[in-house]
There are 2 protein chains.
Amino acid sequence: MSTIKGRRSDATKEAILAAARELFASDGYERATIRAIAASAGIDPAMVMRYFENKEKLFAAAAEFDLRIPDLAGTPLDQIGARIAGHVLDRWDGDETLMALLRAAVTHQAAADRMLEIFATQLGPAVLAIAPDDAATRAGLIATQVLGLALTRYVLRLPPVTAMDRDAVVAWIGPTLQNYLTGPRPGVD
Amino acid sequence: MSTIKGRRSDATKEAILAAARELFASDGYERATIRAIAASAGIDPAMVMRYFENKEKLFAAAAEFDLRIPDLAGTPLDQIGARIAGHVLDRWDGDETLMALLRAAVTHQAAADRMLEIFATQLGPAVLAIAPDDAATRAGLIATQVLGLALTRYVLRLPPVTAMDRDAVVAWIGPTLQNYLTGPRPGVD
DNA sequence: CTGACATGTCAACAAGTGTTGGCCTACACT
DNA sequence: AGTGTAGGCCAACACTTGTTGACATGTCAG
């Protein structure tokens, strides 16, 4: 066995993962059946079980995800909001994994936990580096707006939201994120 | 038959609806089974079919909903955002129908359509009355933030978001909604 | 009491689910 | 050549789903 070249099985394993991501993204956890995923990958359902023990673990493998929050060091402090807004759009358009995660998270506890973990370990620290005070709250607020945008634009496809082009979204959402990140803590008024 | 007093069946019909709302809200459309709903209502699954032809129509009946957007006429123009934020929290805490709708909308097309319709017919006109220009876009942005808040606070239960008390949520989210509603259209800058 | 009708229960169906074990095929190595 | 093994397919399992039709019970008018 040549461990140098990837084994042939790696190819179909990858095909299964791709099909799984696609169906989890479009149908959610329960409606994306193993049979449908296998059919979409052009193989037998039993193969899915061979490579990934069960559906739960298949999802876990398919939902592995990195937000790839950009290094914000070089960005002027007052443009970080817009930068994040643009990044969110790019990331969401280029990878269905996030959609699979969001769709599944709403009805499946394990997926919700994974989503929480991603925001806690990836968004949290990034916010902490910029706004050390109230970092958790500020990160939560950002999640609020970012996930709400994703939900209405990519899942529900609310017409006025899908109609906005990239620049408009950044121009509107950017300042909101900027405020959540670096704005004064409200309440004193 | 005395049409004056409600028939006895109306009671169980209402019990079914209540159980349906509860399970649709906590489990989503596919996981909320007719059998589980019937059991929770203390009756036979066949009764559900007798009163509501099928699962689809049961959901439609259970997801009947009114946002009850308050009359904003008496509210100072610059406090409308906070008013809406508070109203959203009240409405969400007091009625599981919204949660059922949101959870189901993510995986079920009919539910998504219903959600779109609710925002189009109830939120849209209210925004139009206040901000006639760009009303659709502004309503969409509001939906973005409101649904994002609901998603992270009530469905995903993101810790920093659930940790905020009512006043804090209103203080943070209110200005965002205010800006989406009455703020200047960005882009000139 | 007798019947009619609303209200409810029971058992079963057909279809679809995740999952399993046995069997086949092709290729690498000696 | 033969043989071991990884990759793949098939048929079946136990179970759950929405849905249906036949049958039982209650309630009230005559």
Side-chain angles (χ1 to χ4, degrees), chain A residues 1-24 26-63 100 103-104 107-111, chain B residues 1-24 26-63 100 103-104 107-111:
Chain A
M1 57 141 151
S2 62
T3 49
I4 302 175
K5 270 288 180 180
R7 295 201 224 85
R8 183 177 341 226
S9 68
D10 291 348
T12 65
K13 195 168 178 177
E14 209 50 50
I16 293 174
L17 276 179
R21 269 190 277 265
E22 185 177 326
L23 287 187
F24 280 134
S26 65
D27 296 352
Y29 186 85
E30 10 275 338
R31 291 172 101 97
T33 74
I34 298 237
R35 283 172 162 87
I37 291 171
S40 165
I43 47 110
D44 191 272
M47 284 278 86
V48 179
M49 309 305 293
R50 190 187 284 280
Y51 289 121
F52 311 86
E53 206 162 337
N54 53 38
K55 190 179 182 180
E56 199 78 29
K57 294 190 180 178
L58 168 63
F59 177 80
R103 269 226 164 83
T107 51
H108 203 68
Q109 190 55 47
Chain B
M1 56 142 156
S2 64
T3 49
I4 303 175
K5 272 286 180 180
R7 295 199 225 84
R8 191 190 356 204
S9 67
D10 291 349
T12 66
K13 195 169 177 178
E14 209 50 51
I16 293 174
L17 276 180
R21 269 189 278 264
E22 185 177 327
L23 287 186
F24 280 134
S26 65
D27 296 352
Y29 186 86
E30 8 277 339
R31 291 171 101 99
T33 74
I34 298 237
R35 282 171 162 88
I37 292 171
S40 164
I43 47 107
D44 192 273
M47 283 279 85
V48 179
M49 309 305 292
R50 189 187 284 280
Y51 289 123
F52 310 87
E53 206 161 338
N54 53 38
K55 190 179 182 180
E56 198 78 30
K57 294 189 181 177
L58 168 63
F59 177 80
R103 269 223 163 85
T107 50
H108 204 70
Q109 189 56 46

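Letters A, B, ... mirror the listed sequences (proteins, then strands); counts begin at 1.
- Among residues at least two apart or in separate chains, side-chain hydrogen bond (donor to acceptor under 3.5 Å, both in side chains) pairs with a member in residues 35-53 of chain A are A:Glu53-A:Lys57.
- Minimum heavy-atom separation, B:Phe24 to B:Ala32: CD2-CB, 3.6 Å.
- Between the C1' atom of C:dT25 and the CE atom of A:Met47 lies a distance of 12 Å, rounded to the nearest Å.
- With respect to B:Glu22 and B:Arg103, no salt bridge is recorded, no charged nitrogen being found less than 4.0 Å from a carboxylate O.
- Using a 4.0 Å heavy-atom criterion, one finds that B:Phe52 contacts no nucleic acid atom at all.
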Given protein heavy atoms under 4.0 Å, the one-letter contact record of nucleotides 15-28 of chain D, with B base, S sugar-phosphate only and - none, is simply --BBBBB-----S-

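- The aromatic rings of A:Tyr29 and A:His108 sit parallel, their planes meeting at an angle under 30°, below the 60° perpendicular limit.
- Rounded to the nearest 0.5 Å, atoms CZ (A:Phe52) and CE (A:Met47) are 11.0 Å apart.
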